[in-house]
There are 2 protein chains.
Amino acid sequence: MPTPPERPVSVRRYPCEKCPLRPLKIFREFEPKELAFISRFKKGELAVDKGATVLVEGSHSAHLYTVLTGWGFRYKLLSDGRRQILNYVMPGDLIGLQGSVMGEMQHSVEALSSMMLCVFQREELNELYSNHPGLGYDITWIAAREEQMLDENLLSVGRRSALERAAYLIAFLGSRAKSVGLNGSQKLNLPITQQHIADTLGLSLVHTNKTIRKLINRKLVLWRDGGCEIVDIEGLMQLARWEGLGEARRPLV
Amino acid sequence: MPTPPERPVSVRRYPCEKCPLRPLKIFREFEPKELAFISRFKKGELAVDKGATVLVEGSHSAHLYTVLTGWGFRYKLLSDGRRQILNYVMPGDLIGLQGSVMGEMQHSVEALSSMMLCVFQREELNELYSNHPGLGYDITWIAAREEQMLDENLLSVGRRSALERAAYLIAFLGSRAKSVGLNGSQKLNLPITQQHIADTLGLSLVHTNKTIRKLINRKLVLWRDGGCEIVDIEGLMQLARWEGLGEARRPLV
DNA sequence: CGGCCTTTTGATCGTTCTCAATGAACGTGG
DNA sequence: CCACGTTCATTGAGAACGATCAAAAGGCCG
């Protein structure tokens with residue numbers, strides 16, 4: 001049940017100067033001037049409920065968002081309802097760039113948990129490019145990183161077996177979550193259902209279930225509390241023949 | 001047989017002012033200042049033989065290329081040799097942006113036909129962003145477009161049947177080729193083997209052959225002269241439930 | 001002519017899908 | 001507190017799609 005996007009709340013509980021994400025070592029440091037611009041660029045915060053639709057394919061959104069907290073996913077639908085999840089979004093990720101740059105969203109975004117988003121005004125992107133070329137470069141960097149993740153996903157869906165695919169996906173999400181500090185102590189808990197995994201891997205729900213059971217039997221993951229917990233990420237990576245994400249520091253807009 | 005990238009030839013048979021691509025209606029018009037910068041940004045031309053490797057996964061290329069003529073494809077390999085073709089490149093496309101922006105190529109690029117590439121110096125990207133924000137924005141635009149194509153491909157490989165996938169791919173390549181004027185008269189001829197199609201769709205070669213035969217029997221395509229000829233692109237799109245590419249004019253760097 | 005690459009075909013195998021049903025966990029309203 | 005609906009996970013059986021194996025045919029080029 002798609003919920004229409006809320007209008008941004010104007011309350012700003014997280015001023016950019018006190019951004020909880022920025023101190024993470026994975027993000028590059030910003031010049032004070034850049035930070036000041038970002039702070040001005042930011043129009044407010046938007047709270048999104050679990051299950052709500054953040055952006056809809058075909059819409060012309062006037063906004064660009066950065067995820068502050070929570071998880072979501074990008075997906076596309078075929079006209080008969082088949083769904084393909086393209087990628088997941090988590091804290092620090094930019095959403096809606098495609099719509100901002102190319103005019104119309106070609107995919108939808110849904111919240112996997114409740115989320116808090118920073119809201120930016122699409123029109124001011126031009127000013128960003130004009131006055132802060134470093135930030136413009138950063139946006140390209142972010143787009144290139146998204147492309148890299150998609151390449152990896154496409155390799156997986158196209159050429160890995162069901163078991164390898166599942167192992168890859170879980171290791172991939174675990175690595176990303178860890179890099180933004182989403183691991184309570186050591187254990188990574190992914191807030192996704194098996195239906196999400198199926199729609200990401202291009203498999204049926206039933207076969208996905210049987211595949212995950214194999215991962216559980218191999219003591220690579222656990223399934224509890226309605227989500228997936230990673231036990232042995234090294235084992236998952238080895239099974240999937242996956243090298244892991246690059247460790248480069250990245251920009252946070 | 002991967003051929004190491006040649007060093008750029010300095011001969012410039014195609015000065016930017018006389019670029020054969022720029023007049024095409026699909027590309028947006030550039031300011032004289034922008035054109036002058038691009039012309040200075042361009043370091044030369046590189047001729048690549050059919051079958052040669054243009055960029056290698058893992059390498060740190062100092063160059064960024066725009067395709068002037070010819071076809072190629074981007075791909076990734078698993079350690080046991082399974083290959084996934086990620087996307088195709090044709091005139092007007094930028095290649096190597098990932099390597100330029102993020103430091104290391106995460107995929108390889110191979111020439112499907114002989115190609116002519118415009119060579120740009122990676123280091124000068126910063127100057128581009130600083131002095132020509134409009135061009136910086138364009139590069140982001142190009143990256144977002146690539147992401148959009150990948151989304152579409154991922155949907156296809158993940159959720160379409162073999163027949164739909166093949167129809168989608170051929171229609172997709174045909175549409176792109178047409179938009180850059182690669183249709184000799186009306187007929188579109190794609191210079192790819194069935195092995196390429198198989199590696200793009202995530203299918204085996206044998207099954208790909210049988211699938212293409214069905215398309216031929218339905219009079220949607222022909223196969224001749226070692227390549228694919230499109231007969232009925234509407235029929236292909238309908239079979240794949242594909243809406244077609246957006247018609248927006250795009251930048252050409 | 002002989003060798004290579006690509007396409008084609010048939011036969012069999014196995015992975016994954018579909019259908020159908022059940023079970024477990026949770027929240028809600030009576 | 002319990003009955004009920006809902007969502008998500010699980011299981012079995014049979015069917016279908018696509019993979020693999022093997023072989024041959026066609027085209028191209030030296």
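Chain letters run A, B, ... following the sequence lines, proteins first, then strands; residues in each count from 1.
- Of the candidates dT10(D), dT20(D), dC8(D), dC8(D) carries the atom nearest the Thr193(A) side chain, counting heavy atoms from C-beta on.
- Residue Arg213(A) places at least one side-chain N or O closer than 4.0 Å to OP1 or OP2 of dT11(D).
- Between the side chains of Ser156(A) and Arg165(A), no donor N or O sits under 3.5 Å from an acceptor N or O.
- The rotation axes computed at either terminus of the helix from dC1(C)-dG30(D) to dG30(C)-dC1(D) lie 30° apart, taking five pairs at each end and rounding to 10 degrees.
- Looking at Arg83(A), its side chain never comes within 3.5 Å of a backbone N or O of Leu78(A) through a donor-acceptor pair.
- Within residues 200-209 of chain A, the residues approaching DNA chain D are Val206(A), Asn209(A), by heavy-atom distance under 4.0 Å.
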Practice problem: Tell me, with the steps shown, if Asp199(A) and Gln84(A) meet side chain to side chain donor-acceptor pair (under 3.5 Å). | Solution: CA-CA 5 Å; Asp199(A) 285 348; Gln84(A) 177 66 38; over 6 Å; no
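- Under the side chain to side chain contact (heavy atoms under 4.5 Å, CB included) criterion, Met237(B) pairs with Ala171(B), Ile233(B), Trp242(B), sequence neighbours left out.
- With 3.5 Å as the limit, one finds no donor-acceptor pair spanning the side chains of Asp151(B) and Gln106(A).
- A salt bridge is absent between Glu110(B) and Lys50(B); no separation between the charged side-chain nitrogens and carboxylate oxygens falls under 4.0 Å.
- For the pair Lys214(A) NZ and dT15(C) P, the interatomic distance rounds to 7 Å; values are reported in whole Å.
- Only at 4.0 angstrom or more do the heavy atoms of residues 151-174 of chain A sit from any atom of DNA chain D, so none qualifies.
- Asp93(B) has a carboxylate O that lies under 4.0 Å from a charged side-chain N of Arg145(B), or vice versa, which qualifies the two as a salt bridge.
- Straight-line distance from the CZ atom of Arg82(B) to the P atom of dT20(D): 9 Å, rounded to whole Å.
- In this structure, the CG atom of Leu222(A) is 15 Å from the C1' atom of dA9(D), given to the nearest Å.
- A donor-acceptor pair under 3.5 Å links the side-chain atoms of Thr193(B) to the main chain of Gln195(B), judged by distance alone.
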Exercise. For Arg82(B) and Glu164(A), run salt bridge (charged side-chain N to carboxylate O under 4.0 Å, His left out): C-alpha distance rounded to whole Å, both residues' side-chain angles, the deciding distance at 0.1 Å, then the answer.
Key: CA-CA 13 Å; Arg82(B) 282 175 283 180; Glu164(A) 291 169 330; 2.9 Å; yes
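- For the pair Leu215(B) CG and dT7(C) C1', the computed distance is 15 Å after rounding to whole Å.
- With sequence neighbours left out, the ring-ring contact (aromatic ring centres under 6.0 Å, His included) criterion links Phe73(B) to Tyr75(B), His196(B).
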Quiz item: Which nucleotides of nucleotides 24-30 of chain D have their base under 4.0 Å from a protein heavy atom (B), which only their sugar-phosphate (S), and which neither (-), written as one string 5' to 3'?
Solution: -------
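- The environment of CD in Gln238(A) is sparse: at most 12 heavy-atom neighbours from other residues, nucleotides or ligands sit within 6.0 Å.
- A salt bridge is defined here as a Lys NZ or Arg NE, NH1 or NH2 lying under 4.0 Å from an Asp or Glu carboxylate O, and Glu57(B) with Arg74(B) fails to meet this definition.
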Practice problem: Carefully, step by step, assess Arg160(B) and Glu152(B) under the rule salt bridge (charged side-chain N to carboxylate O under 4.0 Å, His left out). | Solution: CA-CA 11 Å; Arg160(B) 279 192 251 246; Glu152(B) 197 76 68; 3.7 Å; yes
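- Per the geometry, CG belonging to Leu112(A) stands 15 Å off C1' belonging to dC8(D), to the nearest Å.
- Across the protein-nucleic acid pair, Arg224(B) atom CZ and dT8(C) atom P stand 14 Å apart, rounded to whole Å.
- With respect to Arg218(A) and Asp232(A), no salt bridge is recorded, no charged nitrogen being found less than 4.0 Å from a carboxylate O.
- Considering only side-chain N and O atoms, Gln194(B) lies nowhere under 4.0 angstrom from the phosphate OP1 or OP2 of dC5(C).
- One can place NZ of Lys210(A) at 10 Å from P of dC17(C), the figure rounded to the nearest angstrom.
- Checking the phosphate oxygens (OP1, OP2) of dC5(C), no side-chain nitrogen or oxygen of Gln195(B) falls inside 4.0 Å.
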